[in-house]
Amino acid sequence: MKIEILCVGTEILLGDIVNTNAQFIAKEIAALGMESYHQSVVGDNPKRLKDSLSIAFSRADIVIMTGGLGPTYDDLTKETAAEFFGRSMYMHTPSLERIEIFFKKIGRDMTENNKKQAMMPEGASIFENHNGTAPGLAVRGKLIDHPEWGEKIAILLPGPPKEMAPMFRESVVPYLAALSEQVFISHEIHLFGIGESAVEAELIDMMETMTNPTIAPYAKEGEVLVRVTASAENCEKAEEIIKPTIDTIKARLGQYIYGVDVGSLQNALVQLLREKGLTIATAESCTGGLIAKRITDIPGSSEVFGMGAVCYANEIKTKLLGVSEETLRMYGAVSHQTAREMAEGARRVSGADLAVSTTGIAGPGGGTTEKPVGLVYVGVSTPHGCETFELRLARGYSADRERIRWSAASNAISLATNAVKKLEK
């Protein structure tokens, strides 16, 4: 079944907010092994919404819509969808009761217009909202104006991502899965240090010939994700189908793979540290605490991370981490030697099993011919010694401060992960 994504909201159309809903839903659809060829955005205008929905139904079996389920006069998504299926609206009492309870919990009076959120098309499947007031729903049947198009489905979800995403996972995924006799299983292989085109070159023979499982590479910020999806009559059979393909990809690209289904570089690092019972500390100059921030974004990171030092000024490098004044004078703050002493100092001060440091030139204004913008040194200190790495991260259009800082942090996390793999408690 073909799926189309239609996001409703003038604020998205005008660029006031970023349309993260479409990105999230697209990824979830792909993970289910379903097809989606179009996405669109339309403002809160009844006529244009009808036109957009008509176009979407003309080429898709299922249209997933976000937004327009609120209590105000211009929230018309439900009413518009109901018209397409020839359904009248009615008060869904369980939804009304949940909305009333919600307002009592937060200590606010419920205005009359909030009852609008409990009005539903006849025959709709209702999705509870555990994070807000607007329920979601699905309407299934033939369209009143185009019965020749066959059975269609409209899935309506609230616009706020914190409400939409949990509802999609809790209610929409089971709803969509029940439409197919097949079970779909996906695994995500995460790679760092290799570009999307190079990954495709390594896997193109498999990508062009394989239909079950399928292989799809996706470029991320400085990374590549390869999603492998298989379908079968049950989960066990799908896993059997998918395993040989994952093993082949590991054999071809293993040196770049930092994990399967691990979510992110920092999540992979934290998981590995927890598994081995090890701890890490950071000492950052050019990345300004970004490594520590990304590590502590991961739930449970307090078990493995105890200290992060941001040492921008040379005197702080010396006072806090013990970087020698002679090293700074002879080699400068941006050097192998300083990165080494920063990492060693962080491990000594924190008592951690390993420490990672960064020092470099992240943005315009600080570079020279000998030390250009994008030059970064990473130090990784362990009980076995300290290694340092030189990175050149400015490449044409990407020579901007934030991109270099992010890339430097990603490289440091990757290098730390490689070091953890060699350590035992």
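Numbers for residues simply follow the sequence, beginning at 1.
The side-chain heavy atoms of Val376 and Ile361, taken from C-beta on, include no pair separated by under 4.5 Å. Side-chain contact check for Tyr175 versus Arg140: some heavy-atom pair is nearer than 4.5 Å.
If you take CG on Leu191 and CD on Glu196, they are separated by 11.0 Å, rounding to the nearest 0.5 Å. Put simply, CH2 on Trp149 and NZ on Lys142 are 14.0 Å apart, with the number rounded to the nearest 0.5 Å. With rounding to the nearest 0.5 Å, the separation of CG in Asn411 from CZ in Phe192 is 3.5 Å. Within the model, atoms CD of Glu387 and CG of Asn418 stand 9.5 Å from one another, a figure rounded to the nearest 0.5 Å. Rounding to the nearest 0.5 Å places CZ of Arg252 at 11.5 Å from CD1 of Ile257.
Between the side chains of His190 and Glu223, not a single donor N or O lies within less than 3.5 Å of an accepting N or O. Looking at Thr72 and Asp75, their side chains do bring a donor and an acceptor atom within 3.5 Å of each other. No side-chain N or O of Thr359 forms a donor-acceptor pair with one of Thr338 less than 3.5 Å apart. A donor and an acceptor atom, one from each side chain of Ser381 and Arg347, are located under 3.5 Å apart. Counting only N and O atoms by type, the side chains of Arg294 and Ser264 include no donor and acceptor under 3.5 Å apart. Side-chain atoms of Thr133 and Gln117 form a donor-acceptor pair, as typed in the model, at a separation below 3.5 Å. Inspection of the His187 and Glu239 side chains reveals an N or O donor paired with an N or O acceptor under 3.5 Å. Between the side chains of Glu163 and Asn129, at least one donor N or O lies within less than 3.5 Å of an accepting N or O.
When atom types are taken as modelled, the side chain of Ser54 and the backbone of Lys50 share no donor-acceptor pair closer than 3.5 angstrom. Side-chain atoms of Arg98 do not come within 3.5 Å of backbone N or O of Glu128 as any donor-acceptor pair. Judged by distance alone, the side chain of Lys2 and the main-chain N or O of Ile62 form no donor-acceptor pair under 3.5 Å. The main-chain N or O of Cys311 is found under 3.5 Å from a side-chain atom of Lys317 such that the two form a donor-acceptor pair.
Taking the centre and axis of the six-membered ring of Tyr218, the NZ or CZ atom of Arg227 falls inside the cone set by 45° and 6.0 Å. Note that Arg401 lies outside the cation-pi zone of Trp406, set by a 6.0 Å cut-off to the ring centre and a 45° limit from the axis.
For Glu148, the CD atom sits in a packed shell: over 12 heavy atoms of surrounding residues, nucleotides or ligands are nearer than 6.0 Å. For Asp109, the CG atom sits in a loose shell: 12 or fewer heavy atoms of surrounding residues, nucleotides or ligands are nearer than 6.0 Å. In this structure, Lys105 places its NZ atom where only 12 or fewer heavy-atom neighbours from other residues, nucleotides or ligands lie under 6.0 Å away.
Of the candidates Thr282, Thr279, Ile291, Phe305 forms a side-chain contact (heavy atoms from CB on, under 4.5 Å) with just one, namely Thr282.
A centroid separation of less than 6.0 Å is found between the aromatic rings of Phe85 and Phe57.
Judged as a side chain to side chain donor-acceptor pair (under 3.5 Å), and not counting sequence neighbours, the contacts of Arg274 are Glu303. Not a single side chain to side chain contact (heavy atoms under 4.5 Å, CB included) links Ser197 to another residue, sequence neighbours left out. For Tyr256, there are no ring-ring contact (aromatic ring centres under 6.0 Å, His included) partners two or more places apart in sequence or in a different chain.
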